[in-house]
Amino acid sequence: MASFTLQGIPVSRGITIGRAHLLRPAALDVEHYLVAQEEVESEVLRLQSAIAQVHKELQTIWADLPPDAPTELGAFLDVHALILSDPMISEAPLEVIRIRNYNAEWALVTQIEALSAQFDEIEDDYLRERKADIQQVAERILKVLMGSAQHLPHQASDDERPANLIVVARDISPADMMQFRNVAFTGFVTDEGGPNSHTAIVSRSLGIPAVVGLGNASELIEQDDWLIIDSDAGVVVVAPPSIVIDYYRDRQAVLLKARKKLNRLKKTPAITQDGIEISLLANIELPQDAAAALEAGAVGVGLFRSEFLFMGRTGHEHVLPTEEEQFAAYRDAVLAMKGRPVTIRTLDVGADKPLDTTDHNILNPALGLRAIRYCLQEPQLFLTQLRAILRASVFGPVHILVPMLTHSFEIDQTLEMIEKAKQELRAENIKFDDKILVGAMIEVPAAALSLPMFVKKLDFLSIGTNDLIQYTLAIDRADHEVAHLYSDIHPAILQLLHMTVSAGEKAGIPVAICGGMAGDVRLTRLLIGMGFRELSMPAALLPEIKQAILNTHIESCQPHIKKILRSFDPAVIHDELSQLGMAGVTLQ
């Protein structure tokens, strides 16, 4: 196969080399992980047992058919039994487990997809439609398997695994991304998405190279193709020759050496050369991420995205997490941070983070029932979460962060709900931090333009730059077709940031940035020069940002920053940012 290169949108850092694994929408519904070599035969047995159980189910259904049942029903059951006995179903997936170390569900879906593709090429309509029977049989097996599935194993060392696997898909939802964390995959390539889509955000938080917005990569790349992802340049090399692989392996080694050098800074305070200390915080999705944040040198959690506790829960007895589940998750994160503050964002669903595929099926969900709007319309759900957060606050400092507040009455209703949760806990003699801090995310232009009503009622502000840019510039941040219009240095964005940090400074309340701009080393000097003293980002980005801070003299940055804030000319802004010397990176 001839080598070729695809250009997309870089959304994380680093280089990875591995085999392509194409994921079609149906395949995203099952867990994907590699089993250790010594566990392969037990995984084979798990699939064999599931197939045997489905055989029994079909026999039971056949035996229970009423005498007056249509003869076609029996015929269909016979067809499904034959499919189940066919070596392409009963044996081929077992070889996939043995050869590729795939878990049983993944092996079965891989085989079913291959069979389905063969059926699509059959000219006879009747035979082609038998693909549905194969898929129905597979669904029965998967239901049994998912009932016996174990927790995903941790990522083993490279010498325990075959070649790295790179996901290639049309798109991957946030919930799907979460099931890939710390397991088999070392890179992501998607046709859709933008620089601040949630796929991009999660890949950055995992520290996994990714390129999105490639258009038709999933059609051009074939299963098991060798791929190179250069996620600094936004390049995917397909079927690279050995000389190109050797070049990128050398670059990987250089990057690894530089990363190890940066990691030596993790215990060094982030203090500028003129003595200004900056608090570097971590964004996390799950409680187990807190340990990695602490290890990376975070002085706290600036954003715990609690919605990931609510997503991808199909098959659970409770569709939504109970108060006890949430309390345990928040408590674990607080304990893991060992006395450092943990800021928990209340449920932020809607738009590209629906609780399920039927939620918010409207023309533009980004402008619909999402975040605090959703919570206030579902008061019991909101109250349950607030109780869980408050209960966790006795184990260490906890802050409550409320997303997408826009109106004064929303602030008032939110504070009333928090007070109601406190009253309930008091009545039950359950301890909590009565002085817990409550803050607002500034991510809607209306909020940034009406800051006096925020600073008067709340304890802190945190700017979600991803949504603030999306709403200010009227750009869907998940749409690759308008991704080139997404700009975090648009004059309007810079003015809103400056207004917000100035209002916070005047009111004496802290203002943090927890969106993508906080983790962009090209913008570090700009942000701290504007007055931001708290930056929250994926833990993997902390060392590089810290190095930039240690090499910054804020006072010397001021002339450039003043020119940037006075200008509405993109060329001037670019030139002044370049002169700030953002780690030698040329702004695009």
Side-chain angles (χ1 to χ4, degrees), residues 1-30 32-34 96 99-102 106-121 161-173 176-177 179-180 183-195 197 199-200 202-204 206 208-249 251-252 478-481 483:
M1 178 180 179
S3 177
F4 60 94
T5 299
L6 301 173
Q7 181 71 50
I9 301 168
V11 295
S12 60
R13 306 295 298 275
I15 292 169
T16 190
I17 302 168
R19 294 277 193 181
H21 183 75
L22 272 64
L23 287 182
R24 293 170 181 84
L28 293 172
D29 295 333
V30 302
H32 298 70
Y33 56 92
L34 298 175
V96 175
I99 294 171
R100 297 190 181 183
N101 291 66
Y102 287 6
W106 187 8
L108 179 62
V109 166
T110 298
Q111 178 63 11
I112 296 303
E113 286 187 336
L115 285 174
S116 297
Q118 293 175 20
F119 271 79
D120 285 338
E121 296 175 2
R161 297 298 189 206
N164 291 334
L165 295 174
I166 296 172
V167 174
V168 180
R170 185 71 188 163
D171 194 17
I172 307 174
S173 75
D176 293 325
M177 284 288 292
Q179 75 174 7
F180 298 147
V183 286
F185 300 111
T186 62
F188 297 95
V189 173
T190 62
D191 298 344
E192 300 179 357
S197 62
T199 298
V202 175
S203 68
R204 282 195 291 270
L206 299 177
I208 293 177
V211 178
V212 303
L214 286 155
N216 59 348
S218 64
E219 298 171 8
L220 298 173
I221 297 171
E222 297 181 1
Q223 184 76 17
D224 291 328
D225 276 350
W226 277 100
L227 301 180
I228 296 171
I229 297 179
D230 182 346
S231 56
D232 292 315
V235 168
V236 177
V237 185
V238 184
S242 58
I243 190 171
V244 175
I245 291 177
D246 290 342
Y247 167 76
Y248 275 100
R249 289 202 190 282
R251 283 192 56 194
Q252 269 187 314
D479 188 345
H480 68 281
E481 292 185 345

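All heavy atoms count here, side chains included; hydrogens, waters and symmetry mates do not.
- Atoms CD1 and OG1, from Ile229 and Thr186 in turn, are 7.0 Å apart once rounded to the nearest 0.5 Å.
- Contact annotation: the side chain of Thr110 approaches that of Arg100 to within less than 4.5 Å [non-hydrogen atoms, C-beta and beyond].
- Annotation: side chain of Val237 is in contact with side chain of Ser3 (closest heavy-atom distance under 4.5 Å).
- Minimum heavy-atom separation, Pro240 to Ile245: CG-CG1, 3.7 Å.
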Exercise. Any chance you could lay out the ring pair (Phe, Tyr, Trp, His ring centres under 6.0 Å) test for Trp226 and Tyr248, step after step, and finish with the verdict?
Key: CA-CA 13 Å; Trp226 277 100; Tyr248 275 100; over 10 Å; no
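- What you find for Ala20 and Glu222 is that their closest heavy atoms are CB-O, 3.7 Å.
- The two residues Ala2 and Ala239 come nearest to each other via the heavy atoms O-CB, 4.1 Å.
- Residue Ser12 comes nearest to Ile208 through the heavy atom pair OG-O, 2.8 Å, listed as atom of the first residue, atom of the second, then distance.
- Taking CZ of Arg19 as the reference point, atom CG of Asp225 lies at 8.5 Å (rounded to 0.5 Å).
- Taking CD1 of Ile15 as the start and CZ of Arg251 as the end, the distance is 3.5 Å to the nearest 0.5 Å.
- Relative ring orientation between Phe185 and Phe188 is described as tilted, the plane-to-plane angle lying within the 30° to 60° band.
- Using a cutoff of 4.0 Å between basic side-chain nitrogens and carboxylate oxygens, Asp191 and Arg170 are scored as salt-bridged.
- Taking OH from Tyr247 and CD1 from Ile228, the interatomic distance works out to 10.0 Å, rounded to the nearest 0.5 Å.
- A salt bridge does not link Asp230 to Arg13: none of the charged side-chain nitrogens sits closer than 4.0 Å to a carboxylate oxygen.
- Between the CD atom of Gln252 and the OG1 atom of Thr16 there is a distance of 6.0 Å, given to the nearest 0.5 Å.
- For the pair Ser218 and Ala169, the tightest heavy-atom approach, listed with the atom from each and the gap, is CB-C, 4.1 Å.
- Here the CD-CD1 distance, from Glu192 to Ile9, works out to 11.0 Å after rounding to the nearest 0.5 Å.
- With respect to Leu6, the side-chain contact (heavy atoms from CB on, under 4.5 Å) criterion is satisfied by exactly one of Val189, Leu227, Ile221: Ile221.
- Looking at heavy atoms from C-beta onward, Gln111 lies out of side-chain contact with Tyr102 at the 4.5 angstrom threshold.
- Within the 4.5 Å cutoff, the side chain of Leu165 has heavy atoms near those of the Leu34 side chain.
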